[in-house]
Number of protein chains: 2
Amino acid sequence: MKSKYVMVKDEIKSWILQGKVSPHEKIGTENDIMEIFDVSRHTVRQAIGDLEKEGWIYRWQGKGTFCADQSKRSKSHSYKTIGVITTYISEYIFSSIIRGIESYLSSTDYMFILTSTNNNIEKEKKCIDSILARNVDAIIVEPTKSAIYNPNINYYLNMETNNIPYVMLNALYPQLQAPSLTMDEEQGGYIATEHLIQLGHKKIIGIFKADDLQGVNRMNGFIRAHRAHNVPIIPGLIISYNTEDPREKIQNEIIHLFNNHKYDITAIFSYNDAIALYIINFFRELNINVPEDVSVVGYDDSYLAEMSEVKLTSVIHPKRTMGLDAAKLIVDLIEGKQQGSQLQSVIYKPELVVRTSTATAKT
Amino acid sequence: MKSKYVMVKDEIKSWILQGKVSPHEKIGTENDIMEIFDVSRHTVRQAIGDLEKEGWIYRWQGKGTFCADQSKRSKSHSYKTIGVITTYISEYIFSSIIRGIESYLSSTDYMFILTSTNNNIEKEKKCIDSILARNVDAIIVEPTKSAIYNPNINYYLNMETNNIPYVMLNALYPQLQAPSLTMDEEQGGYIATEHLIQLGHKKIIGIFKADDLQGVNRMNGFIRAHRAHNVPIIPGLIISYNTEDPREKIQNEIIHLFNNHKYDITAIFSYNDAIALYIINFFRELNINVPEDVSVVGYDDSYLAEMSEVKLTSVIHPKRTMGLDAAKLIVDLIEGKQQGSQLQSVIYKPELVVRTSTATAKT
DNA sequence: CCGTATTTGTTCGTATGTATT
DNA sequence: CAATACATACGAACAAATACG
């Protein structure tokens, strides 16, 4: 004699197997099922609860009970684990992002495996291999060398066919249409540059990272701000560098520019706070004062910005929020609470914090 | 807010992970559990039911509820994975340690799951639970509130019986004899203080964290240096703080001490670089100059040390090396390349980097 | 072997909380 | 804001399996 809840369970399972309900179609409310089988709500919940644990259906408080996606079932996946691929672990931005990810995930049952690529495409490949081998439920990835063609695109396409959700942080591979969390870097470059122009600066050095999209976009904003305010762009004042370049290269180029345009250059827009502080540091040794002689704008609004005696004017990066949102989004994706069509990528709007590293241009 | 049945569930799970119940041992009847947690039978059954589905226990009608055999629990997953439990992810020291761990592990087939406790014992418990539930091969842990008795010791003892190796970073629980990687904090406190004394300072404020062993040991070194050089120790000049305390508390105490001993205090030894820079920052606002008016010594030799216009004299912490060595040691332990008897804990010897934040005492 | 107490399994009822529409 | 649907929680009763004198 089968018990009632087992009968209910078997019957609902057969609906699914017969295709009477399709994936993501509503099964019926608990009340419906109570009436259909003439049992109590508790019995229905016992049956439904079992089916959920076994992966046949999923429940959503306030909405209803739905047929699960069968293609996802029966995978011997590792228990609630998310892979995180960063470029640099130690970079100040990313440790904030990781903290955001961690603080959200710690409120769920998910944990994460952390890897870093050191912005190296070979290593990114190795990271993806290792992570996928562990059957993670999803991946959060900060693209490596996003400005350059990435030969690992196939991995990501393959994840899509295998229903492994992934989100991109900070940048995105243009070939992929994955959900992403980025900031409007172009606008960030724009407002930082505009701030300098409005202070009367006209000869502004821009320092940008050339091998990731963030750098390219910030540069575009830098250029647009010049155009918008009718300030001529001097190509020689744009300094590009790559991940592998030593910092001294930047120092040498700046000193070279200062020697050539000695009394002209009055401001610098730096790709990030670390470079900005590096510059302020060697300016100190050269007896160039910030902001009296040169104004400097950073990017990221890291805690470095307030560490020195000169407090950096900087563009705010939503570090922690970005990590939190990414974790939340990926968990929603895993648990089917977001449909493919709804995938709303987030673009954070930049803001500028004005501190003491910028001042009116000398006349 | 966790629901009751989840609390019951988590607690019973932790009994198993701590080894309070052995495989096939009876957990207790539903009635027992009802009394222990003061909940209804329904709630108990919900918790127990979940745990059964997840394979932690098995039930036998008429007999009771028993602990499942952990060794049989779906060993399939967690392929070559190490759990890492930190206190703070974002803290500058730990991101270097993590980088060290990552850079060694990336040369092997191991990966790591990262969690943080925020120096909170409850959260440490949760971290260990989650990590052990994923059948990791080993654990690297930075002890939480190491100066205070830690109720999670059972977990570590149970790991030993289950042959899960673990190493401790930065501090160790005195009750455990696990391999550990620490620095000689006492000596670090000693050389920093000695440096100040040799510069002629006699009234030195010492700021120490009270709830971890590193702080306690650094303070011991601070005291020993005074004794060794026949400088009287003024108890009122030692400032203790806890993880939860706001930084303003330190600021207020320092200002208070300065007002009371106005022309006496000439130096400060700070628990770490972050606090040291915080102090230098508010000194700047008060027009107290470092090192002319006060010398400041930090600890950790983080990159913060060179960020400001005043470069911090600081005790070197082997951050990255420590992470690397820990990763190497734990992999050796997993693969049996180290025998129990050989387990050589490492104690790093501190060194002092003298920069511009310290100078001869005013006379 | 029987009977009783114990322990888990099934089922119903009821109330309140929380998320979604 | 109200209605709907799932989530949590307490209580009660009876059934079925087991243990033990």
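Chain identifiers are assigned alphabetically (A, B, ...) following the order of the sequence lines, protein sequences preceding nucleic acid strands; residue numbering begins at 1 within each chain. All values below come from the heavy atoms of this structure, side chains included, with hydrogens, waters and symmetry mates left out.
The nucleotide whose nearest atom lies closest to any side-chain atom of B:Ser3 is, among D:dA7, D:dT8, C:dT8, D:dT8. Checking C:dT20, D:dA9, C:dT11 against every side-chain atom of A:Thr43, the shortest atom distance belongs to C:dT11. The side chain of A:Ser40 approaches C:dT11 more closely than any other nucleotide in the set D:dA9, C:dT11, C:dG17. You'll find that the side chain of A:Val39 is closest to C:dC12, out of C:dC12, D:dT8, C:dT11. Comparing D:dA9, C:dG9, D:dC6 by their closest approach to the side chain of A:Glu30 singles out D:dC6.
Taking for each of A:Gln61 and A:Val6 the nucleotide of DNA chain C with the nearest heavy atom, the 5'-most of the two is the partner of A:Val6.
Here the C1' atom of nucleotide D:dA17 and the CZ atom of B:Phe66 are 12 Å apart, to the nearest Å. In this structure, the CD atom of A:Gln46 is 15 Å from the P atom of D:dA7, given to the nearest Å. We find that NZ of A:Lys9 is positioned 16 Å from C1' of C:dT11, with the value rounded to whole Å. One atom, OH of B:Tyr58, and another, C1' of C:dT8, lie 14 Å apart when rounded to the nearest Å. Remark: P of D:dT4 and CG of A:Asp32 are 12 Å apart, rounded to the nearest angstrom. C:dT10 atom C1' lies 17 Å from atom CZ of A:Phe37, rounded to whole Å. What separates NE2 of B:His42 from C1' of C:dT16 is a distance of 14 Å, to the nearest Å. Here the C1' atom of nucleotide C:dT11 and the CE atom of A:Met34 are 12 Å apart, to the nearest Å.
Within 3.5 Å, a donor on the side chain of A:Arg41 pairs with an acceptor on the base of D:dA7, or the reverse.
A donor-acceptor pair shorter than 3.5 Å cannot be found between the side chains of B:Asn158 and B:Gln18. For the 3.5 Å distance criterion, the side chains of B:Glu124 and B:Tyr155 fail to qualify, holding no donor opposite an acceptor. Checked by atom type, the side-chain pair B:Glu52/B:Trp56 shows no donor-acceptor distance below 3.5 Å. Between the side chains of B:Tyr241 and B:Asp211, no donor N or O sits under 3.5 Å from an acceptor N or O.
The phosphate of D:dA5 has neither OP1 nor OP2 within less than 4.0 Å of any side-chain N or O from A:Trp60. Residue A:Lys63 places at least one side-chain N or O under 4.0 Å from the OP1 or OP2 atom of C:dT21. For D:dA7, neither phosphate oxygen OP1 nor OP2 lies less than 4.0 angstrom from any side-chain nitrogen or oxygen of B:Lys4. Put simply, B:Thr65 has a side-chain N or O that comes within less than 4.0 Å of OP1 or OP2 on C:dT8.
Stacking of A:Arg218 on the aromatic ring of A:Tyr299 is recorded, both the 6.0 Å distance cut-off and the 45° axial limit being met.
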